[in-house]
Structures are given as structure tokens and as C-alpha cells.
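Data first, discussion second: the structure below is written as C-alpha cells.
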Amino acid sequence: MASHVNIINKWFSHLSPTSQQLEERINRSLDRQVKLAVTGLSRSGKTVFITSLVHQLLHGLEGTHLPFFQMVNSGRLRGTKIMPQPDMHIPSFRYDRAIEQLCGEPPTWPAPTSGISEIRLAIRYLSHNLLLKHISPINTLYIDIIDYPGEWLLDLPLLELTYEQWSEQIAATCQTEPRLSLSAAWRSYLNEIDATEPVNEAILRQASMLYTEFLHQCKTPQYGLSLLQPGRFTMPGDLKGAPLLEFSPWFKIPQTGYAENSLLAEMKRRYESYKEHVVRKFYHEHFSSFDRQIVLVDVLRTFNAGYAAFIDMRDAINMVLNSFQYGKSGLLNKLFGLKIDKLLFAATKADHVTPNQLPHLERFLHNMLATSHNNVHFEGVQTETLALSAVKCTQAAYATFQGQKISCIKGVPVDSDKPVALFPGEVPIEVPMPAEWTEGRFNFVDFKPPRLANVHGTGLPHIRLDRALEFLLGDKF
Ligand SMILES: Nc1nc2c(ncn2[C@@H]2O[C@H](COP(=O)(O)OP(=O)(O)O)[C@@H](O)[C@H]2O)c(=O)[nH]1
Ligand SMILES: [Mg+2]
């Protein structure tokens with residue numbers, strides 16, 4: 001076996017580009033490659049998470065900043081390097097840009113990103129597997145980290161819905177607030193149109209534009225809704241402006257009696273084409289190759305937005321979780337043959353709460369997933385929930401209020417230049433009743449990144465990122 005591995009290694013150094021795929025396969029079969037997918041709705045913290053993760057690993061030799069990540073903590077790490085990514089057709093994750101912004105003077109959050117991107121790390125480590133240790137004491141694990149919008153995951157259920165069924169579902173969600181009011185302009189436009197008339201591009205475009213605007217409104221922090229379909233309407237990636245994204249659900253679709261050249265028939269064709277060329281393609285090209293998955297959830301922002309936003313987030317997350325249903329019954333598995341065997345749900349920005357509230361945040365996320373969680377576990381995917389902060393922007397502090405010492409956090413709010421100490425509120429463990437979501441009950445503030453210019457010797461300050469790493473990758477070393 002020793003010579004076997006050496007021969008393969010020597011052979012790698014002479015590889016022609018076309019042999020790269022073969023190398024990929026050999027790496028995989030030797031368990032030296034892992035695809036880690038990072039997702040979450042926009043602004044949930046994917047870019048910051050990946051940037052911090054890469055930084056922690058690049059600086060893994062220098063500090064004690066990852067106590068719960070065994071491979072690093074036990075001193076087995078020999079070095080980490082960013083390597084050319086294997087998938088040439090996927091845009092690169094711009095770690096260089098993001099870290100420059102975060103560690104700039106003054107530090108700023110990385111610019112928002114959209115679409116999919118990828119970065120490859122090569123991690124050299126000392127094996128603790130007795131057999132491998134003998135063969136080749138220093139091993140390399142290639143980690144491909146893929147960042148993709150969580151919005152795209154919400155499209156999976158469309159594969160099982162006809163245009164009529166999907167339209168009906170959307171219509172039902174527009175019967176209650178806030179969607180009822182937010183969809184008013186789009187609905188009243190549809191009311192004026194006879195969709196059985198021959199197709200008219202201008203009408204089609206206007207209907208889809210109004211529908212897309214409605215989705216964007218739902219997404220604003222004020223409403224904070226998550227369950228918005230189709231996912232590409234708000235996160236188009238490279239499909240911006242494509243006719244494939246120009247359709248809209250319709251109300252009161254007649255069962256029969258509309259012609260092939262009618263507006264309705266065209267809407268239906270585009271919907272089907274979206275399913276085929278966007279949804280299926282994404283799962284087929286990318287999703288089916290993922291080994292590990294982390295889903296980032298900005299629970300605190302949803303608290304700020306209120307009860308409706310919370311319910312919507314819960315439904316969206318459970319929808320995502322359902323797509324991971326493994327086993328015979330899982331839709332994804334049936335269609336694409338999934339490999340994901342570890343799935344982590346993480347509540348991000350845990351530095352927005354006081355340290356004593358961290359277990360509450362974790363518990364809350366766990367409870368929200370409880371039902372589906374058990375199913376997934378049952379079907380063979382190891383699932384975990386965690387609260388983390390990829391870049392810790394606050395410090396724990398204490399203040400005295402009416403003679404009592406209370407726990408606070410101290411940081412610089414995004415819209416200020418001065419640090420403040422504040423008590424952001426308690427995180428409930430169970431979902432509060434609708435009447436308990438009183439105006440202003442939750443007010444979790446966004447913070448500026450801390451000054452990081454001098455962190456070169458160690459990883460960025462974080463909360464529990466090492467636990468996430470241990471769960472997602474620990475067994476690979
Ligand atoms: N305090 C704090 N804020 C964060 C953290 N991660 C992300 N953020 C905030 O969330 C915003 C969105 O993060 P980003 O990674 O760009 O989200 P993405 O759209 O999912 O890639 C950032 O600009 C920050 O304001 C974190 O660990 N702590
Ligand atoms: Mg991003």
C-alpha cells in the first residue's frame with residue numbers, strides 16, 4: 001500500500017490537465033477530498049463564515065484559537081494552502097478581497113455576493129490513523145468549499161408541483177398579512193388581464209416584474225420573509241434578465257379552454273422550463289456532489305422582524321431540511337443520488353447576544369427543527385445545531401441597572417462610530433405566542449467588524465467556529 005500511494009503521488013506530478021479528473025477520483029477514493037457546501041439565505045453570513053474559516057485554517061499553526069477542532073488543537077496540522085479550484089466553470093470565492101476588507105483600516109464587512117462560488121484548500125496534517133501513519137505520515141486533504149444561495153434550495157419542491165398547483169399555493173399565502181398587502185399591486189394587475197388571450201411579451205414581462213418586486217419587498221428587513229419562490233427571482237445569479245425568469249403564478253386558472261399560443265400556456269411553458277433548466281440543473285451539476293453541508297440561519301434578524309417572519313423562516317428551514325431527507329423516500333435522493341452525510345444548521349451572528357444567551361439560541365434553533373430533524377437523523381444523515389459567530393464583534397460586559405448587575409455586550413453598532421454597551425434582550429427557548437411578539441420586544445443590533453489589522457498571528461476572533469469545523473470535518477483527518 002505504501003508504494004501504491006507513493007506511485008500515485010509521483011504520478012500526480014506529471015499529470016496532464018486532462019488527467020485532473022482522474023486525480024480527483026483517486027483523491028476521493030482515498031478519502032482525501034471533501035466538498036463542503038455552505039448555504040443560507042442572503043445576508044445570513046456565508047461570505048463572512050467562509051472567509052473566517054479559511055483564515056482560521058491558514059493560521060492554524062500559530063495559535064490556540066480552535067480548541068474544539070481536534071486536528072489543530074492536538075498539533076497535527078502541518079499547513080494550509082489555497083489551491084487552484086477544481087471546477088473551472090464555477091466563479092472563485094474571493095477570499096483575498098473579503099479578508100482585505102475585513103482587516104482593512106477601518107475594517108468593513110465584505111461586499112455582498114450573489115450566486116455560487118468555490119475555493120479549494122489543501123490541508124497537510126499528521127495522520128493519527130495507525131495504518132496510514134505507517135504508509136505516509138503526512139497526508140493532504142483537499143477541501144472544496146462551495147458558497148451558494150439558500151434561496152435556490154427553496155426551489156426543490158417545485159419539481160413535484162404543476163404550474164397550477166404551485167399557483168394555488170402562492171395564492172393561498174397571499175391571503176394573509178403581510179403578503180396580502182405586499183402583493184396588492186401584482187394581484188390587481190393580474191385581475192385586469194385575460195390570460196387566455198394570445199401571448200403578449202409586454203404583459204408577460206410586467207406580470208413577472210410586479211411579482212418579482214413583491215418578492216423583493218417581502219425580503220426587506222422590515223418584513224424579513226424567507227419562503228420566496230422561485231428562488232432565482234430574487235437571487236438570479238448569472239440568469240439575470242433571461243426569459244426563463246419571466247413568468248408569474250396566476251390566479252383562477254381555467255382547467256381547459258386556453259390555446260397553445262395563449263399567455264397562460266406560455267407562462268406554464270416557462271415555469272416548466274425553469275424547473276428543467278434551472279432547478280434540475282443546479283441539483284444535478286452541483287448538489288449531488290456535496291459531501292457535507294452547513295446551513296446558516298440568521299435567527300436574530302427574524303426575531304427583529306416579528307411573528308410572521310419567524311413562521312416563514314421556520315417553514316423555509318423545514319422545507320430545506322426536507323430536501324435532505326435521505327433514504328428511499330427522499331426526493332433529492334430519488335432524483336439525484338445524494339451523498340451528504342453530515343448536515344449542520346448554525347444560528348449565525350451569535351455575538352449579537354450576551355454569552356449566557358448562547359445556549360438559548362442553540363436550543364431555539366434545535367426546537368424549530370425538532371420534527372424534521374428526527375426524520376433526517378433516522379434516515380442516516382447526521383444532523384447538528386449550533387450557534388456561532390464567524391467574526392466576533394462584541395465583548396461581554398456588565399452594567400448596573402437599578403442596583404443589579406446585568407450581563408451586556410459591548411461593540412460598535414453599524415450606524416455609529418462609538419462603542420456602546422447594551423443588553424439586546426433574551427432569546428426565548430420556545431417560540432413565543434403571536435401576542436407575545438410585541439413591538440420592539442427584540443432588537444438585536446448589527447455591529448461593525450472589530451479592528452482586525454493586527455490579528456495576523458492568529459485566526460479571527462470567533463464563537464464556536466471550531467465546533468462547526470470539528471463536526472463538519474473532524475472525522476476526515
Ligand atoms: N456581528 C456579526 N455580524 C456578521 C457575522 N457574519 C455576518 N455578519 C453580518 O451579516 C452581513 C452579511 O454577511 P455575508 O457573509 O455577506 O452574508 P451572505 O449574503 O450570506 O454571504 C455582514 O455584512 C455583517 O453585517 C458575524 O459573525 N458577526
Ligand atoms: Mg455572500
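Worth knowing before you read on, the calculation uses all heavy atoms, side chains too, and leaves out hydrogens, waters and symmetry mates. Whatever order the structure lists ligands and atoms in, that order sets their numbers, starting from 1.
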- Task: Hey, could you give me the CD1/CZ distance between I116 and F282, rounded to the nearest 0.5 Å?
- Result: 5.5 Å
- Item | Between T113 and T47: side-chain donor-acceptor atoms closer than 3.5 Å | yes
- Mind checking whether the Mg ion (ligand 2) has an N, O or S of T47 under 2.8 Å? yes
- Is any N, O or S atom of T113 under 2.8 Å away from the Mg ion (ligand 2)? yes
- Y274 ring center near Y163 ring center (under 6.0 Å): no
- Query: Hey, do the aromatic rings of F471 and F69 have their centres closer than 6.0 Å?
  - Reply: no
- Note on the structure: Those residues at least two apart in sequence (or on a different chain) that pass side-chain hydrogen bond (donor to acceptor under 3.5 Å, both in side chains) with N73 are none
- Item | Charged tip of K405 within 45° of Y398 ring normal and under 6.0 Å | yes
N/O to N/O under 3.5 Å, ligand 1 against protein:
| from | atom 1 | to | atom 2 | distance (Å) |
| --- | --- | --- | --- | --- |
| ligand 1 | 1 (N) | D351 | OD1 | 3.2 |
| ligand 1 | 1 (N) | D351 | OD2 | 2.8 |
| ligand 1 | 1 (N) | H352 | NE2 | 3.0 |
| ligand 1 | 10 (O) | K349 | NZ | 2.9 |
| ligand 1 | 15 (O) | K46 | N | 3.4 |
| ligand 1 | 15 (O) | T47 | N | 3.0 |
| ligand 1 | 15 (O) | V48 | N | 2.8 |
| ligand 1 | 17 (O) | G45 | N | 3.1 |
| ligand 1 | 19 (O) | R43 | N | 2.8 |
| ligand 1 | 20 (O) | S44 | N | 3.3 |
| ligand 1 | 20 (O) | G45 | N | 3.0 |
| ligand 1 | 20 (O) | K46 | N | 2.9 |
| ligand 1 | 20 (O) | K46 | NZ | 2.8 |
| ligand 1 | 21 (O) | K46 | N | 3.4 |
| ligand 1 | 21 (O) | T47 | N | 3.0 |
| ligand 1 | 21 (O) | T47 | OG1 | 2.8 |
| ligand 1 | 23 (O) | R43 | NH2 | 3.3 |
| ligand 1 | 25 (O) | W109 | NE1 | 3.3 |
| ligand 1 | 27 (O) | S389 | OG | 3.1 |
| ligand 1 | 27 (O) | A390 | N | 3.0 |
| ligand 1 | 27 (O) | V391 | N | 3.1 |
| ligand 1 | 27 (O) | V391 | O | 3.3 |
| ligand 1 | 28 (N) | D351 | OD1 | 3.1 |
| ligand 1 | 28 (N) | D351 | OD2 | 3.3 |
| ligand 1 | 28 (N) | V391 | O | 3.1 |

- Should the pair E470-R467 be classified as a salt bridge under the 4.0 Å nitrogen-to-oxygen rule? no
